[in-house]
Amino acid sequence: MSKNKTLQAIRGMNDCLPNETNIWQMVESVLRRVASNYGFAEIRMPIVESTALFKRSIGEVTDIVEKEMYTFDDRNGDSLTLRPEGTASCVRAGNQHGLLYNQEQRLWYMGPMFRHERPQKGRYRQFHQFGLEAFGIATPDIDAEVILLTSRLWRELGINEFVTLELNSLGSNEERANYRDALVAYLTERESLLDEDSKRRMHSNPLRVLDSKNPQVQEALADAPKLSDYFGEETQAHFANLCARLDAAGIKYILNERLVRGLDYYNRTVFEWVTDSLGAQGTVCAGGRYDGLVEQLGGKATPGFGFALGIERLVLMLTELDKVTNVRAQVDAYVVILGDDAQIAANQLAEQWRDQVPNIRLQCHCGGGNMKKQLKRADKSGAQIALILGDNEIAEQKVMVKYLRGQQDQQNLAFEQIPSLLTTLIEDV
Ligand code: ATP
Ligand code: MG
């Protein structure tokens with residue numbers, strides 16, 4: 001590369017610019033608040049983990065482990081991987097710090113994940129997930145509670161009309177193993193109708209053939225045996241109880257027997273929230289039960305239930321559906337400063353106002369210039385008002401208040417009236 005060529009970000013890894021960070025912050029604050037509404041606490045895990053963690057949890061024969069991981073040897077020769085998802089790390093942390101055994105834990109996390117996929121709308125190589133995991137509860141009440149939580153998220157973000165809940169049960173490990181044998185027998189008879197991917201998966205991970213996107217494969221699956229026919233009483237009761245709770249709460253869902261999820265660790269309940277407003281990348285949020293994972297990663301057997309959602313996909317939906325509301329401008333009030341006396345006094349006044357109205361976003365003009373230039377900047381900042389301080393105002397201990405967003409006439413207010421004006425400005429945000 002020539003020395004003077006501008007350096008670019010890595011393909012599929014995006015900057016989030018200031019005109020987008022405000023939407024992100026709004027979404028993140030809703031996610032945090034709703035998680036705490038249900039008693040979940042934040043956990044933060046490293047972005048890099050040993051490769052073995054993901055191989056053992058997600059499964060060797062999954063898209064993620066087979067072809068999507070960013071794996072490298074560090075300087076000690078240890079194989080490390082940039083985390084492709086959060087559940088494995090969360091379980092690892094829970095085991096390592098003794099948080100899981102014989103206890104109940106409700107945890108959430110948020111941050112970047114990495115998968116080497118083909119970048120396209122809604123699909124990136126560095127993307128961000130909000131994830132939430134409940135440990136230690138085997139009963140379907142927690143399945144319902146977590147799904148209710150997700151449903152509240154959509155309502156609070158204003159997108160509940162645009163997402164649909166799909167639900168399925170994968171049964172116990174034993175039930176699934178029995179079903180697997182029947183499915184492989186069925187697929188073997190129809191091998192010639194399958195595509196290469198499905199032929200390969202037929203032996204390594206046959207359930208994944210069920211959610212093949214290929215219409216020909218779907219056609220070949222028309223008379224395939226049904227997983228639900230292999231369920232015992234406990235699995236049936238668990239699923240029926242969850243459905244009853246969702247019905248009682250007025251949460252609509254579609255039963256989708258082909259919903260199997262791309263990660264190996266799920267059992268019983270699985271769910272996805274999907275939308276058709278994002279084109280091919282239609283899954284916004286996905287999760288389910290994983291009662292075997294904690295033990296599989298070396299801990300004492302502990303049930304788990306969780307989900308992850310893609311923040312980019314949420315932000316895209318909000319933007320495209322024009323649902324971006326409650327996004328506060330970067331600046332509420334802009335201080336215009338004219339004259340030498342005003343320069344010194346303005347700093348002191350602004351500091352006082354920031355003390356008195358701690359949540360105010362108050363920007364002082366810097367770099368000089370006449371009234372016209374400063375008001376132009378004030379307007380561009382998004383501020384609702386300009387607080388104009390000239391030498392005359394300073395002498396009279398007054399501020400000229402100019403309203404930038406409405407028809408309201410300008411006002412001449414005493415210094416001490418300003419804090420209450422600033423307070424009313426941000427009352428609704
Ligand atoms: P998909 O079917 O879209 O590949 P997945 O089953 O691989 O999704 P999960 O591993 O369940 O996805 O991740 C949960 C959520 O994270 C997804 O529903 C999606 O919103 C988001 N997500 C997953 N991969 C990406 C990606 N490469 N870029 C952006 N968001 C992603
Ligand atoms: Mg994927």
Side-chain angles (χ1 to χ4, degrees), residues 9-16 20 24 27-28 31 53-54 57-59 61-70 81-91 108-133 146-147 150 153-154 157 159 162-168 170 197 201 205 207-208 210-214 256 258-266 269-290 293 304-320:
I10 306 302
R11 194 166 121 81
M13 305 201 179
N14 302 315
D15 299 304
C16 188
E20 299 161 310
W24 279 72
V27 172
E28 287 163 0
L31 295 170
L53 172 64
F54 302 113
S57 54
I58 298 169
V61 197
T62 55
D63 282 353
I64 294 180
V65 172
E66 274 183 341
K67 50 190 191 211
E68 296 175 0
M69 293 206 305
Y70 279 92
T81 294
L82 301 186
R83 63 181 188 190
E85 58 112 43
T87 305
S89 310
C90 188
V91 171
W108 66 266
Y109 50 83
M110 182 153 60
M113 306 291 162
F114 302 84
R115 296 184 195 177
H116 197 275
E117 307 196 65
R118 195 170 67 80
Q120 52 198 292
K121 180 178 161 190
R123 192 177 293 288
Y124 313 100
R125 290 180 174 174
Q126 174 174 326
F127 62 99
H128 297 76
Q129 280 184 344
F130 171 87
L132 183 147
E133 322 285 352
V146 170
I147 293 175
T150 55
L153 287 174
W154 319 138
L157 292 168
I159 54 171
F162 305 93
V163 288
T164 309
L165 175 61
E166 297 198 356
L167 199 60
N168 192 20
L170 298 180
D197 239 18
R201 289 218 167 103
N205 195 350
L207 264 71
R208 278 310 299 273
L210 294 178
D211 76 348
S212 163
K213 303 263 171 354
N214 185 336
N256 176 1
R258 298 274 158 88
L259 182 65
V260 297
R261 309 285 303 117
L263 301 85
D264 274 0
Y265 49 63
Y266 288 108
T269 312
V270 287
F271 71 98
E272 285 192 0
W273 284 96
V274 298
T275 179
D276 46 24
S277 44
L278 286 181
Q281 272 51 256
T283 308
V284 182
C285 168
R289 184 164 277 284
Y290 48 87
L293 182 60
F305 190 95
F307 72 82
L309 62 80
I311 301 181
E312 279 82 358
R313 291 186 194 178
L314 277 188
V315 169
L316 265 172
M317 268 188 88
L318 289 166
T319 313
E320 294 192 2

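Ligands are counted one by one from 1 in listed order, and the atoms in each one are counted from 1 as well.
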>> Contact between V315 and T319 at the side-chain level, heavy atoms closer than 4.5 Å - yes or no?
In response: yes
> Hey, which atoms in ligand 1 end up nearer than 4.0 Å to a heavy atom of R261?
Replying inline: 6 (O), 9 (P), 11 (O)
> Hey, is Q129 touching ligand 1 through its side chain, its backbone, both or neither, going by heavy atoms under 4.0 Å?
Replying inline: side chain
> Short list, please: which atoms of ligand 1 are under 4.0 Å from a heavy atom of C285?
Replying inline: 18 (O)
> Of all residues at least two apart in sequence or in a different chain, which pass the salt bridge (Lys or Arg N to Asp or Glu O under 4.0 Å) check with R125?
Replying inline: none
> Do side-chain atoms of R313 reach the backbone of G122 as a donor and acceptor pair under 3.5 angstrom?
Replying inline: yes
>> Against E312, only a single residue in H128, Q129, K121, Q281 fulfils side chain to side chain donor-acceptor pair (under 3.5 Å); can you say which?
In response: H128
>> For atom 30 (N) of ligand 1, tell me which residue out of F127, Y124, W273 has the closest non-hydrogen atom.
In response: F127
> Any idea which part of R123 is under 4.0 Å from ligand 1, heavy-atom wise: side chain, backbone, both or neither?
Replying inline: both
>> Can you list everything that forms a side chain to side chain donor-acceptor pair (under 3.5 Å) with Y109? Sequence neighbours excluded, please.
In response: E133
>> Test of understanding: given a 4.0 Å heavy-atom threshold, classify the contact between V284 and ligand 1 as side chain, backbone, both, or neither.
In response: backbone
>> Between ligand 1 and R125, can you find any atom pair, the residue atom being a heavy atom, that is separated by under 4.0 Å?
In response: no
> Is there a nitrogen or oxygen of E272 sitting under 3.5 Å from a nitrogen or oxygen of ligand 1?
Replying inline: no
> Would you call the rings of Y290 and Y265 parallel, tilted or perpendicular if under 30° counts as parallel and over 60° as perpendicular?
Replying inline: perpendicular
> Of all the atoms in ligand 1, which lie at a distance below 4.0 Å from a heavy atom belonging to R115?
Replying inline: 5 (P), 7 (O), 9 (P), 10 (O), 12 (O), 13 (O), 23 (C), 24 (N)
> Taking only heavy atoms of G310, which atoms of ligand 1 are found under 4.0 Å from at least one of them?
Replying inline: 15 (C), 16 (O), 20 (O), 21 (C)
>> How close do P84 and M69 get, counting heavy atoms only, and between which atoms?
In response: CG-SD, 4.0 Å
>> Checking contacts here: is it the side chain or the backbone of Q281 that comes within 4.0 Å of ligand 1, counting heavy atoms only? Could be both or neither.
In response: neither
> Mind checking whether E312 has an N or O less than 3.5 Å away from an N or O of ligand 1?
Replying inline: no
> What's the shortest heavy-atom distance between I311 and W24, and which atoms?
Replying inline: CG2-CZ3, 3.4 Å
> What atoms of ligand 1 come closer than 4.0 angstrom to any heavy atom of A308?
Replying inline: 14 (C), 15 (C)
>> Tell me whether A286 has any N or O atom under 3.5 angstrom from an N or O of ligand 1.
In response: no
>> How close do L293 and S57 get, counting heavy atoms only, and between which atoms?
In response: CD1-CB, 3.6 Å
